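In what follows, a single structure is set out as structure tokens and then discussed.
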Amino acid sequence: AQSVTQLDSHVSVSEGTPVLLRCNYSSSYSPSLFWYVQHPNKGLQLLLKYTSAATLVKGINGFEAEFKKSETSFHLTKPSAHMSDAAEYFCVVNPGTYKYIFGTGTRLKVLA
Amino acid sequence: DVKVTQSSRYLVKRTGEKVFLECVQDMDHENMFWYRQDPGLGLRLIYFSYDVKMKEKGDIPEGYSVSREKKERFSLILESASTNQTSMYLCASSLIGGAYEQYFGPGTRLTVT
């Protein structure tokens, strides 16, 4: 069975420090993986996606994620947090069907 | 600019009412989805459609139905609204194939009193 685990429900960082949001997945197939961001009272916006090309994926707003098959991980990073990064982040896996499997989300707080 | 729009941002309905939530996409996508989002539970799939008049149940279809009469429009129907259907409802669309990302609407926050 396919699943996604976001290891932290809340993460707090100071402005200007690195961000790490962790995601582990379980999939029987070669999956596609996505990170989305949701600002308050808004829909989800795609940050980046992995679809079996380069394992280091660059996204919008300075975010990156690295696909590590041996660790079944797809952690999201950013070198320097900005106040505008405060939002909820979702890791999503698709094993190759119509079904997108969502993690339960990580709420990022950025402290001034 | 690609767009998914939802008919209402906020909706308040009474228990037992029939509720229609509409979603329109302008990207000619085959797939359309309805999710509900609740704190701590992430997004849960209610229904999915891969073509006009075609639909598949998701993880939590009970109490809901859907309609897709045109490719660009996907409606979610609560036949008899109940308080446990108070939630944020998100519509999404995508091309066919799991490698494609979904595009989301802004959401409808439904309160059933």
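The structure displayed is predicted, hence computed values, not measured ones. Sequence lines set the chain letters: A, B, ... in the order given, protein chains first and strands last, and positions in each chain run from 1.
Hydrophobic clustering, with ILVMFWY side chains joined whenever heavy atoms are under 4.5 angstrom apart, groups W35(A) together with V19(A). Cluster annotation: L48(A) is connected to Y50(A) through the hydrophobic network of ILVMFWY side chains, with a link wherever side-chain heavy atoms come within less than 4.5 Å. Hydrophobic clustering places V4(A) together with Y89(A) (ILVMFWY residues linked when any side-chain heavy atoms are closer than 4.5 Å, directly or through intermediates). Follow the hydrophobic side-chain contacts under 4.5 Å out from I60(A) and you reach F63(A) in the same cluster. Follow the hydrophobic side-chain contacts under 4.5 Å out from L47(A) and you reach I101(A) in the same cluster.
Contacts between Q37(B) and chain A at a heavy-atom distance below 4.5 Å involve the side chain alone, from C-beta outward. Proximity to chain A is limited to the side chain of R109(B), based on heavy atoms less than 4.5 angstrom apart. Heavy-atom distances place the side chain of K49(A), and not its backbone, under 4.5 Å from chain B. Proximity to chain B is limited to the side chain of T51(A), based on heavy atoms less than 4.5 angstrom apart. Contacts between Q45(A) and chain B at a heavy-atom distance below 4.5 Å are absent for every atom of the residue. The part of Y35(B) that comes within reach of chain A is its side chain, from C-beta onward, which places non-hydrogen atoms under 4.5 angstrom from that chain.
When the heavy atoms of residues 74-93 of chain B are compared with those of chain A, the residues falling under 4.5 Å are L90(B), listed by number.
Within a 6.0 Å radius of OH in Y100(B), other residues, nucleotides and ligands contribute 12 heavy atoms or fewer.
Proximity of a side-chain donor or acceptor of R44(B) to a complementary backbone N or O of F102(A) within less than 3.5 Å is not detected.
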Inset, instruction - Check step by step if side chain to side chain contact (heavy atoms under 4.5 Å, CB included) holds for N41(A) and R9(B). - result: CA-CA 9 Å; N41(A) 297 314; R9(B) 292 300 309 276; 4.2 Å; yes
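Residue A99(B) comes nearest to S32(A) through the heavy atom pair CA-OG, 3.3 Å, listed as atom of the first residue, atom of the second, then distance. Contact detail for Y100(A) and S94(B): the closest heavy-atom pair is OH-OG, 3.6 Å.
For the side-chain hydrogen bond (donor to acceptor under 3.5 Å, both in side chains) test, residues two or more places apart in sequence or in another chain that qualify with K99(A) are D59(B).
One finds the OG1 atom of T104(A) at 12.5 Å from the CG atom of D38(B) (value rounded to the nearest 0.5 Å). Interatomic distance, L46(A) CG to Y103(B) OH, rounded to the nearest 0.5 Å: 7.0 Å.
Between E101(B) and Y36(A), some side-chain heavy-atom pair lies under the 4.5 Å cut-off.
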